[in-house]
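These values consider heavy atoms only, across backbone and side chains, with no hydrogens, waters or symmetry-generated copies.
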Amino acid sequence: MWQYEQQETEEYIENNENVFKEIMRDYIAYKKKNKLFDYDDLLYITANGLAQNEEARKFISSKYEHILVDEFQDTNPLQYQLLESFYHNCHLFCVGDDAQSIYAFRGADFKSMHNFTNIVPDSAKLYLNTNYRSTQEILDISNWLLEQSPIEYGKHLKAYRGQGLKPVMEYVYDEYSEANSVTDKILLYFMNKNIDYSGHMVLSRTLSGLRQVEGACVRKKIPYKLYGGSSLMKSRHIRDVVSVMRIIANYKDGLAWNRYLQLWNKIGPATAAVLTESMINADNLGQALDILKAKNIDKKIWEVLESAFPYSSSPSEMINQILLLMDLRFSEIYKEEWINWRKQDFIVLEEIASSTTSITEFITEYILDPALESSFIDADKPKECVILSTIHSAKGLEADVCHLLNVTPYSYPSKRAIKEGEESIEEERRCLYVALTRAKNELILYSRYFTNVGSGMADSTGKSHYFLNELPDEVYSINGMLSEKDKENTVYKGSKISVDIDLF
């Protein structure tokens with residue numbers, strides 16, 4: 001969900017610029033008053049102090065003969081400014097990969113690494129082209145992707161391990177069939193190929209893109225660990241709705257009462273604690289609700305519970321009923337997040353709940369079972385879980401089998417990147433490159449069918465941008481061929497799928 005949240009955050013800041021300026025002024029004043037420095041202050045004061053004081057610069061830099069900088073492609077301008085003070089008196093050894101520079105949203109400057117020899121006097125660039133992780137077929141598609149860029153990366157990876165399997169492009173109809181295909185393969189490999197769960201990594205551009213796979217893992221009892229955000233069952237909004245279900249299943253559940261009551265206006269921790277004590281001491285749920293009705297509180301509090309209770313034998317319908325009655329309240333609590341992404345998670349939750357026949361079964365199977373929580377994984381037993389990760393959280397990770405979700409025109413690059421221009425488009429190319437190179441033995445890319453599509457994913461100049469439009473047939477194989485009817489309605493030539501997007 002990183003990309004979507006980034007966009008929302010930037011727009012929110014732009015629309016509330018004066019508020020944030022005031023907050024920053026207050027923050028700076030607070031630091032000065034209390035003589036405090038944050039991390040950026042330490043960098044800024046040091047970098048500027050060295051830049052302005054030649055004597056100090058020479059003295060400190062003389063203490064070091066060699067300075068090693070790792071992950072250099074992720075440095076921001078302030079960090080780079082600090083290094084400038086050591087150019088002339090030290091040997092800098094900077095290690096990184098400009099093709100993996102994907103953190104511009106954190107301030108990382110791609111040009112610092114890419115143009116290093118043009119910036120740093122008397123410097124040289126050494127290419128490490130031998131790859132020890134992936135087979136050559138996986139590197140072939142990764143190399144091809146970089147070669148299509150207008151930027152000259154100047155490297156061509158060769159596999160130390162030699163040949164292997166071609167990457168597979170699998171065509172699926174939607175996110176549901178995609179999630180089922182991924183998880184079915186994971187189970188099949190586990191049973192027939194002796195590939196442990198940890199041998200699989202599922203990657204997505206966004207956290208929301210992982211939700212259907214996460215839901216399928218929950219339903220099929222596949223243990224997983226999530227990188228890049230909170231797992232579905234641990235998300236605040238999910239636990240909010242589940243608290244209602246837990247109360248109906250067991251009205252003596254004090255934790256559920258406490259959480260649910262504090263969702264409502266004018267009920268804080270102290271009031272919730274008093275009310276909870278009364279609820280769990282009642283003789284039954286009906287009596288507990290009668291106690292609530294006698295209080296001077298929002299009547300919706302007991303109406304939600306009364307309306308949801310008849311659906312005790314249908315957890316998915318109960319979830320739907322709770323959402324109908326609490327939609328307005330959740331939109332007040334979560335504001336833009338509610339419509340933009342939180343509400344969508346309940347589609348997955350309802351699908352999970354539909355496999356159970358009572359709320360007790362649902363809670364026991366999917367809420368209380370610790371084996372379904374991503375946090376249950378023992379760090380000393382990595383074989384026990386599949387890795388689900390956003391691409392931005394996957395750097396440094398690898399897996400025998402890598403499943404890359406939704407490799408479709410509107411994702412690579414995104415509509416937003418096309419609007420922003422070449423720099424953003426190229427960062428998205430590098431993002432895809434990072435994802436491809438996580439795979440050790442097998443790489444499976446999932447692409448969703450497009451029906452009734454137009455002339456291409458183009459910008460205002462008519463230039464098409466989908467990264468895989470010209471992917472050579474020899475570097476991949478296809479799984480999930482289209483029917484004749486699909487072919488009539490789909491622009492389809494191997495991986496060459498195009499789609500119209502209204503950009504402006």
Any side-chain to backbone donor/acceptor pair from [X] onto [Y]? Under 3.5 Å, distance only.
X      : Y      : answer
Glu384 : Pro223 : no
Arg429 : Ile425 : no
Thr437 : Tyr433 : yes
Asp26  : Ile23  : no
Asp196 : Ser198 : no
Thr46  : Leu42  : yes
His392 : Ile102 : yes
Ser181 : Glu178 : no
Glu175 : Gln212 : no
Ser123 : Ile119 : no

Working to the nearest 0.5 Å, report the span between [atom1] of [X] and [atom2] of [Y].
X      : Y      : atom1 : atom2 : value
Tyr476 : Leu471 : OH    : CG    : 5.5 Å
Asn131 : His156 : CG    : NE2   : 11.5 Å
Phe86  : His66  : CZ    : NE2   : 14.5 Å
Arg133 : Lys440 : CZ    : NZ    : 8.5 Å
Leu50  : Ile60  : CG    : CD1   : 4.5 Å
Leu436 : Ile138 : CG    : CD1   : 9.0 Å

Could you go step by step and tell me if His200 and Phe190 meet the ring pair (Phe, Tyr, Trp, His ring centres under 6.0 Å) rule? CA-CA 10 Å; His200 295 268; Phe190 183 77; 9.1 Å; no

Measure up the Tyr80 and Tyr87 rings against each other and bin them: parallel (under 30°), tilted (30 to 60°), perpendicular (over 60°).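 Ring orientation of Tyr80 relative to Tyr87: perpendicular.
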
Kindly check if the number of other-residue, nucleotide or ligand heavy atoms within 6.0 Å of [atom1] ([X]) is above 12?
X      : atom1 : value
Leu126 : CG    : no
Lys158 : NZ    : no
Tyr334 : OH    : yes
Asp122 : CG    : no

Is any side-chain heavy atom of [Y] closer than 4.5 Å to one of [X]?
X      : Y      : value
Trp144 : Glu474 : no
Ile352 : Leu232 : yes
Asn76  : Gln79  : yes
Pro150 : Glu426 : yes
Phe330 : Lys335 : no
Glu442 : Lys185 : no
Leu146 : Lys155 : yes
Tyr27  : Asp38  : yes

Run through Leu468, Asn406, Leu145, Leu432 and flag the one making a side chain to side chain contact (heavy atoms under 4.5 Å, CB included) with Tyr412.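 Running side chain to side chain contact (heavy atoms under 4.5 Å, CB included) over Leu468, Asn406, Leu145, Leu432 with Tyr412 returns exactly one hit, Leu432.
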
Passes side chain to side chain contact (heavy atoms under 4.5 Å, CB included), Phe72 versus Val95? Steps please. CA-CA 6 Å; Phe72 189 74; Val95 181; over 6 Å; no

Short N-O contact, [X] and [Y], less than 4.0 angstrom:
X      : Y      : value
Arg25  : Glu22  : no
Glu351 : Arg219 : yes
Arg342 : Glu337 : yes
Lys111 : Glu423 : yes
Lys220 : Asp184 : yes
Lys58  : Glu54  : yes

Before you tell me yes or no, could you show the steps for Ser177 and Asn180 under side chain to side chain donor-acceptor pair (under 3.5 Å), namely the whole-Å CA-CA distance, both residues' side-chain angles and the distance that decides it to 0.1 Å? CA-CA 5 Å; Ser177 57; Asn180 277 319; over 6 Å; no

Show your working on side chain to side chain contact (heavy atoms under 4.5 Å, CB included) between Gln136 and Asn143 and close with a plain yes or no. CA-CA 10 Å; Gln136 189 59 51; Asn143 287 331; 4.3 Å; yes

Please report the C-alpha distance between Arg416 and Ser424 in whole Å, then the side-chain angles of each, then the deciding distance to 0.1 Å, and finally whether the side chain to side chain contact (heavy atoms under 4.5 Å, CB included) criterion is met. CA-CA 8 Å; Arg416 174 182 172 82; Ser424 292; over 6 Å; no

Check [X] against [Y] and note the closest heavy-atom contact, atom names and distance.
X      : Y      : answer
Ser101 : Gln73  : OG-O, 3.4 Å
Ser61  : Cys90  : O-SG, 3.1 Å
Arg438 : Gly396 : NH1-N, 3.5 Å
Leu203 : Thr390 : CD2-O, 4.3 Å
Leu128 : Leu157 : O-CD2, 4.1 Å
Ala216 : Ala179 : CB-O, 4.1 Å

Among Arg430, His114, Glu147, find the one that has a side chain to side chain donor-acceptor pair (under 3.5 Å) with Tyr153.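 For Tyr153, the side chain to side chain donor-acceptor pair (under 3.5 Å) test succeeds with only one of Arg430, His114, Glu147, which is Arg430.
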
Under 3.5 Å, is there a donor-acceptor pair between the [X] and [Y] side chains?
X      : Y      : value
Asp400 : Tyr189 : no
Asn441 : Arg161 : yes
Tyr446 : His403 : yes
Gln344 : Ser208 : no

Under the criterion side chain to side chain contact (heavy atoms under 4.5 Å, CB included), I'd like the reasoning laid out for Tyr64 against Asn89: C-alpha separation, chi angles, the key distance, then a yes or no. CA-CA 8 Å; Tyr64 305 96; Asn89 297 310; over 6 Å; no

